[in-house]
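Structure first, then comments.
Counting starts at 1 for both ligands and their atoms, in listed order.
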Amino acid sequence: MRARDSYAEPYRIKMVEPIRLKDRATREELIKEAHYNIFNLKAEDIYIDLLTDSGTSAMSANQWAGMMLGDESYAGSRNFFNLQAALQDIFGYQYVVPTHQGRAAENILMSMFVDKNQKVPGNMHFDTTEGHIRLREAQPLNLVIDEGLKSGSDHLFKGNIDLDRLEDELQNNPVSKLPLIIITATCNNNGGQPVAMDNLRAASELARKYNRPLFIDAARYAENCYFVKQRDPAYRDKSIRDIAREMFSYADGCTMSSKKDALVNIGGFLAFKNNEEWYEKAVQIQICYEGFRTYGGLAGRDLEAIARGLYEGTEEEYLEDRIGQVSYLGHRLLDLGVPIVTPVGGHGVFVDALKFLPHLPQSYFPAQSLTVELYREAGIRSVELGACAFGYTDPETGREVFPAQELVRLTVPRRVYTDRHMDLVVKAFEAIAGRKENIRGLEITYQAEILRHFTARFRLREQ
Ligand SMILES: *Cc1c(COP(=O)(O)O)cnc(C)c1O
């Protein structure tokens, strides 16, 4: 990767969307009205929105031009065939089943393969993947390597699956108990950490040895390919497209949220390498839940934007700038002494709130408190991945159960903000670091039974 200051963004800006910083008194009022939960804020009240990189990408002139060529025919839209051609070209997969989002592709895949009381191993399933496995009354198994869970470990491929544990599971469970394997690349839930090509190849060999299908959750596959090129000398001289081709050759198919590396605002798909029987089975479910095989819940113009976005998302200059910007933010925060998960991952910087705010015990929701403070300080929206998102109240003991990590994610949308926006985020941390002992913890005043972080309400604790 070139030094960040040796190149500029590989695009110029043709259209702008104004953003405004509300004054401090207004921000104080708004976050209080939002019950100290950033999900309750209106987007227009935010200055720099780092809530997610999902569906927040800026599309290119080429993608917008493609939108105007949308063929809205119910069956046989030309844009579907363009998407199919992109999949065959970039992924090497013959069959594509468009869906309205990534999770809809997961729904189809799990309906096809997963039944009650089975287990589905993977490196680390994304939340909605886990949700779909559980909806089938099956059990998700996260077998990421130990280093993948240590925020201080500088292992280069923290998304790798533990191959010994995977083989153990495959050996001890027949197909009727363990129907498929899913590898998520990059691995979202531990910080956008990449999976090594060797690891994927070995997982694929195990899958073949034990005769189970292997699928890739490909939401951030292009970022994964870029890391492979950067971090594995064997791939230094290969193109991103070649790396992607090899990566997908090790799996039987994939699910994809196009809202990530396909650089669009909505859409997803399920794809199969060459199994026509699976494809026709998937189409049956697709028709019931999504729509006919050539549109799957999307407009023709959306399919075109995805087809074009898949190509743009694998361009090396784009990926260098994209991963480079996230890395820039991460390293500037490290220079300030802010504790973050390293190496910096693909789509965001993850701040260790327990280390940053050591005066707040986990029961005071330090990560949530930091998201509140970032909004109060600079109108920045980040997201909590800690005691609120992953903790819960044990129904038997009435005690709070806390997750191992207490993180704040600063997720960087693709092609949306410049490094000057990143500089303001760093400046906000600098200001907060100078008075962080005064940050008060929070307590929950309302919570839903599942996925409570989206709707929870809080009040400030007394010091
Ligand atoms: C976002 C995401 C999904 C779900 O996709 P949606 O388009 O949000 O439904 C699945 N897996 C991973 C790794 C993701 O990042």
Side-chain angles (χ1 to χ4, degrees), residues 39 50-57 83 96-111 114 120-135 140 142-144 148 158-161 180-195 200 214-227 247-248 251 253-271 285-286 289-290 296-298 302-303 305-306 309-310 313 322-323 326 345-348 350 383 385 389 407 409-414 451 453-454:
F39 280 104
L50 306 182
L51 175 60
T52 176
D53 66 329
S54 179
T56 52
S57 300
L83 175 62
V96 61
V97 180
T99 58
H100 76 279
Q101 289 203 193
R103 66 197 66 187
E106 292 168 355
N107 180 32
I108 297 174
L109 183 71
M110 303 312 167
S111 306
V114 182
V120 181
N123 49 347
M124 206 188 236
H125 300 296
F126 182 66
D127 318 25
T128 56
T129 320
E130 281 220 16
H132 278 292
I133 294 169
R134 288 192 198 282
L135 277 176
N142 293 326
L143 304 178
V144 74
K158 288 167 91 170
N160 283 356
I161 191 165
L180 84 163
I181 305 163
I182 299 174
I183 303 280
T184 305
T186 60
C187 185
N188 185 340
N189 283 27
N190 71 344
Q193 298 293 330
V195 178
L200 190 59
L214 172 76
F215 280 80
I216 296 177
D217 178 340
R220 298 186 179 76
Y221 79 97
E223 293 175 2
N224 203 90
C225 292
Y226 188 76
F227 282 121
M247 194 173 128
F248 286 108
C254 70
T255 56
M256 166 108 188
S257 167
S258 304
K259 300 171 73 173
K260 316 319 188 333
D261 278 357
L263 296 164
V264 294
N265 307 119
I266 197 72
F269 54 81
L270 171 62
I285 305 168
Q286 177 199 29
Y289 286 95
E290 301 293 307
L298 296 169
D302 297 326
L303 298 171
I306 297 170
L310 284 170
R322 169 5 173 221
I323 305 279
V326 176
H347 61 289
F350 292 66
V383 65
L385 297 174
L407 304 174
R409 185 180 72 189
L410 306 163
T411 340
V412 184
R414 296 168 183 77
L451 296 174
H453 53 299
F454 290 109

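When each of N123, T255, T186 is tested with D217 by the rule side-chain contact (heavy atoms from CB on, under 4.5 Å), just one qualifies, namely T255.
Put simply, the side chain of N142 never gets that close to the backbone of P121: no donor and acceptor are under 3.5 Å apart. Between the side chain of D53 and the main chain of G348, no donor-acceptor pair closer than 3.5 Å is present. Under the 3.5 Å distance criterion, the side-chain polar atoms of N190 are matched with a main-chain donor or acceptor of G148. A donor-acceptor pair under 3.5 Å is formed between the side chain of H132 and the backbone N or O of R103. A donor-acceptor contact shorter than 3.5 Å is absent between the side chain of R414 and the backbone of H347.
Of all atoms in ligand 1, numbered sequentially from 1 with element shown, those under 4.0 Å from a heavy atom of A219 are 12 (C), 13 (C), 14 (C), 15 (O). Below 4.0 Å from some heavy atom of E106 lie the following atoms of ligand 1, by number and element: 10 (C), 11 (N). For ligand 1 and T184, the ligand atoms under 4.0 Å from any heavy atom of the residue are 13 (C).
Checked by distance only, ligand 1 and G102 come closer than 3.5 Å through their nitrogen or oxygen atoms. Remark: ligand 1 and K260 share an N or O pair separated by less than 3.5 Å (distance only, no angle test). For ligand 1, the polar-atom distance check against K259 finds no nitrogen or oxygen pair separated by under 3.5 Å. Geometrically, ligand 1 and D217 share a nitrogen or oxygen pair separated by less than 3.5 Å. On a distance-only criterion, T128 and ligand 1 share no N/O pair closer than 3.5 Å.
Closest to atom 6 (P) of ligand 1 among all protein heavy atoms lies Q101 NE2, 3.2 Å. For atom 8 (O) of ligand 1, the nearest non-hydrogen atom of the protein is R103 NH2, 2.9 Å. Protein heavy atom nearest atom 15 (O) of ligand 1, with residue, atom name and distance: R220 NH1, 2.7 Å.
Considering only non-hydrogen atoms, atom 7 (O) of ligand 1 lies nearest to S257 out of A185, S257, C187.
For the pair K158 and F350, the cation-pi criterion (under 6.0 Å, within 45° of the ring axis) is not fulfilled.
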Assess the residue pair D261 and M256 against the criterion (side-chain contact (heavy atoms from CB on, under 4.5 Å)); give the C-alpha distance rounded to whole Å, side-chain angles, the decisive distance to 0.1 Å, and a yes or no. CA-CA 9 Å; D261 278 357; M256 166 108 188; 4.2 Å; yes
